[in-house]
There are 2 protein chains.
Amino acid sequence: MDLEAVRTFVTVAETGQFQKAAADLSITQQAVSKRIAALERTLGVRLFTRAPRGAELTIDGQAFLPHARELLRVAERAVASARPGRRPLRVDVINSRGAGSGLMRGFHTAHPEIDLDVLMLFDIQGAVTAIRSGAIDASFRAVAAPGRPLPEGIESVRVLDEPLQLLIGPAHALAGARSVTLAQLAGHRIWMPGIVPGTEWTAYYDDLVAEFGLTIEATGPNFGSDALLDTIADTPALATFMGEHTLPQLPLGGAPSVWPADHGLRRIPVTDPTPVYPHSLLYHRDNPHPALATLRAHLTATTTGHDATGTWVPGWVIPR
Amino acid sequence: MDLEAVRTFVTVAETGQFQKAAADLSITQQAVSKRIAALERTLGVRLFTRAPRGAELTIDGQAFLPHARELLRVAERAVASARPGRRPLRVDVINSRGAGSGLMRGFHTAHPEIDLDVLMLFDIQGAVTAIRSGAIDASFRAVAAPGRPLPEGIESVRVLDEPLQLLIGPAHALAGARSVTLAQLAGHRIWMPGIVPGTEWTAYYDDLVAEFGLTIEATGPNFGSDALLDTIADTPALATFMGEHTLPQLPLGGAPSVWPADHGLRRIPVTDPTPVYPHSLLYHRDNPHPALATLRAHLTATTTGHDATGTWVPGWVIPR
DNA sequence: AGGTATCCACAACCATTCGTTGTTCACTAC
DNA sequence: GTAGTGAACAACGAATGGTTGTGGATACCT
């Protein structure tokens, strides 16, 4: 199917005749006729009834019209997403179920008129490089990795401290607990697959292990979130950490927000102290994108300062 | 922009190299190279970094990828909407703000997995013809026009009795009333532009006028809903009828559901008796579309029988 | 009723695009 | 260094898509 044919179809439907559409599109009437005929051939239905006074939509054409408009709208957005200069605000998040993604959803709800592109880069170095080059406008990260000061021009604002929770199956020894302390977790097996060495997450959990004597295994291949949840649910002696605002499953688009299979998983708050992910927004000081200022204002307005007493972050984290 | 190029882009992004993508698409590697180059030229950005081990997405490519997928998805739906056989359930409603549209929204919420196409045909004759030919699957109408029995094979189910309300401006004499009787309306000017002679609505209001001695004007050009509301709001002596479930304005897509300009309009219930629009679902007895049965079941389950005492419908309306 | 204007379809022709084959270039691994 | 892999460039043939020219059907006007 040809997008130009679809555009021609919409124009004919709007003008009511091939000739006016041809004038609008700066082509000849015969070209319009050919395009519509080709579209009708590929779809296998007649889209217009040709009358001596012009062309009228058939029922099939009426059903097709909103889809055609949507197609053109999506195509325009797709082009805009890549256009250099005046493109949508491009923000990197850690993963699609994390707190950064949730904050961006909130921003989109508050400012639906602002075009967004949310993407997931591999690590903080890539994000910083992308911010410096202007390829992306901002990034949600837990900064900064120890010994790696931010390059000149990159600024960061701590926007959300997300408490960690223990995620365990129904047969786990702590399944009935209303909360657990970090000290209680010593001796329990905690599994965090997918922690890639060299990323900021390694540094975070290294510090957590060193300070509270936990046993955290990062071994084994990471088969993705689903497999992790399955294993946690089925293994009584296994636990993992998950951010309080992190969804264990991707919300299904359009479907009622039920978790397809929650396996009876339990979320147990961690206390004394509560380890938190210090989410920060990274951006370039000189980035002129107007929506970036809106995003920063939105974040400072909605994520009011949390109480930091009783929480833990690595020592190298920049204070608020 | 060419959809085939977009499809090629997604395939390369998925396979990670031009050659595999070429094999998947049954074309040569050179053709893939050309298509990607052309797409990059039209977008003005580089989408892949060409490595000796294959192709990797650039940041721009990563931002473009979800849009590309969405574009292909929409294109597929667009084609499906017109495909003869196994197309989405196609339902005709009277207008986009009426009760039929609302019922279809409810059905979509309850069954998001069912593909729908909602369209608006001109009148009941056209709807019946379309149902007979199989061009549409069902239609929400106030049936049947007097003296026009339904053709063989067409069935109707009365699904909703929608009470009429009086819509008036803030300066109207009845603006303060909590409700009005039909008898009270005698002598007031009621304006119903856009009632096309020969449609079922003419018959409905003709009967209403004859039975209760009202003055209903259908004169003047119909400049659309906005103009009607403006006039009603500004003219103290003018009123119009509107269904209880009818939205005076189109809900804005994505925006908070505020009415852009409500002009201080008042809705006054009508009593003694309450005239109602008898909405029915029309469909062909032999229509095999599986979603049609689902729709009928949904409607009978959700629109439980309303109390008919104190309501009025024309005598020619088929009883429930 | 016949002429005329309007509007779309068909035919022929031409330019451009698109896909193919053949080949070259860059990089990696052994 | 040599073999192997993966993408780009060049040249050619086919097919697509645009144009001009023309014909046919219908409605309106005199």
Side-chain angles (χ1 to χ4, degrees), chain A residues 1-62 64-65 68 71-72 75 79, chain B residues 1-62 64-65 68 71-72 75 79 82 122:
Chain A
M1 209 182 28
D2 181 17
L3 277 184
E4 282 310 303
V6 174
R7 197 181 315 276
T8 308
F9 165 77
V10 172
T11 309
V12 173
E14 280 169 354
T15 59
Q17 52 187 45
F18 285 35
Q19 307 216 76
K20 288 219 181 87
D24 282 12
L25 298 170
S26 304
I27 55 176
T28 60
Q29 166 265 316
Q30 289 85 337
V32 173
S33 179
K34 273 194 182 181
R35 285 185 181 177
I36 298 297
L39 189 59
E40 287 177 331
R41 186 153 25 83
T42 61
L43 291 177
V45 297
R46 204 150 181 76
L47 294 172
F48 293 101
T49 55
R50 276 72 161 177
R53 273 302 180 200
E56 256 186 26
L57 282 171
T58 62
I59 307 261
D60 288 311
Q62 290 179 47
F64 184 67
L65 180 57
L71 192 54
L72 297 181
V79 176
Chain B
M1 210 182 26
D2 181 15
L3 277 185
E4 282 310 302
V6 174
R7 196 181 318 274
T8 308
F9 164 76
V10 172
T11 309
V12 173
E14 280 169 356
T15 59
Q17 54 185 50
F18 283 36
Q19 307 215 72
K20 289 217 180 85
D24 282 13
L25 298 170
S26 306
I27 55 175
T28 60
Q29 167 265 317
Q30 289 87 336
V32 172
S33 179
K34 273 193 183 181
R35 284 186 183 177
I36 299 297
L39 190 59
E40 287 177 331
R41 186 152 26 84
T42 60
L43 291 177
V45 297
R46 201 149 183 77
L47 295 171
F48 293 102
T49 54
R50 275 74 161 176
R53 273 299 177 203
E56 255 187 28
L57 282 172
T58 62
I59 307 265
D60 288 312
Q62 290 179 46
F64 184 67
L65 181 56
L71 193 54
L72 297 181
V79 175
F122 181 68

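The side chain to side chain donor-acceptor pair (under 3.5 Å) check on Glu40(B) picks up Arg50(B), with sequence neighbours excluded. Listed by chain and number, the residues in a side chain to side chain donor-acceptor pair (under 3.5 Å) with Glu56(A) amount to none (sequence neighbours excluded). Among residues two or more places apart in sequence or in another chain, the side chain to side chain donor-acceptor pair (under 3.5 Å) test is passed with Gln30(B) by none. When the ring pair (Phe, Tyr, Trp, His ring centres under 6.0 Å) test is applied to Phe64(B), the partners found at least two apart in sequence or on another chain are Phe9(B).
With rounding to whole Å, Phe9(B) atom CZ is found 15 Å from dA7(D) atom P. The nearest whole Å value for the distance from the CG atom in Leu47(A) to the P atom in dC8(C) is 15 Å. We find that CD of Gln17(B) is positioned 18 Å from P of dC27(C), with the value rounded to whole Å. Whole-Å rounding puts the Lys20(A) NZ to dC7(C) P distance at 7 Å. The separation between Phe48(B) atom CZ and dG6(D) atom P is 15 Å, rounded to whole Å. Going from atom CG of Leu39(A) over to atom P of dG17(D) covers 12 Å, rounded to whole Å.
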Expected string for nucleotides 9-21 of chain C under the B/S/- scheme (protein heavy atoms, under 4.0 Å, primed atoms plus P, OP1, OP2 as sugar-phosphate) is BB-B------BBB
The contact string for nucleotides 25-30 of chain D, one letter per nucleotide 5' to 3', using protein heavy atoms under 4.0 Å with B, S and - for base, sugar-phosphate only and none, comes out as -SSS--
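The closest side-chain heavy-atom distance from Thr58(B) to Val45(B) is not below 4.5 Å. Looking at Arg35(A) and Asp2(A), their side chains never come closer than 4.5 Å, going by heavy atoms from C-beta outward.
A pairwise comparison of heavy atoms in Gly54(A) and Gln17(A) identifies CA-CB, 4.0 Å as the closest pair.
In this structure a side-chain-to-backbone donor-acceptor pair under 3.5 Å is present from Thr8(B) to Glu4(B).
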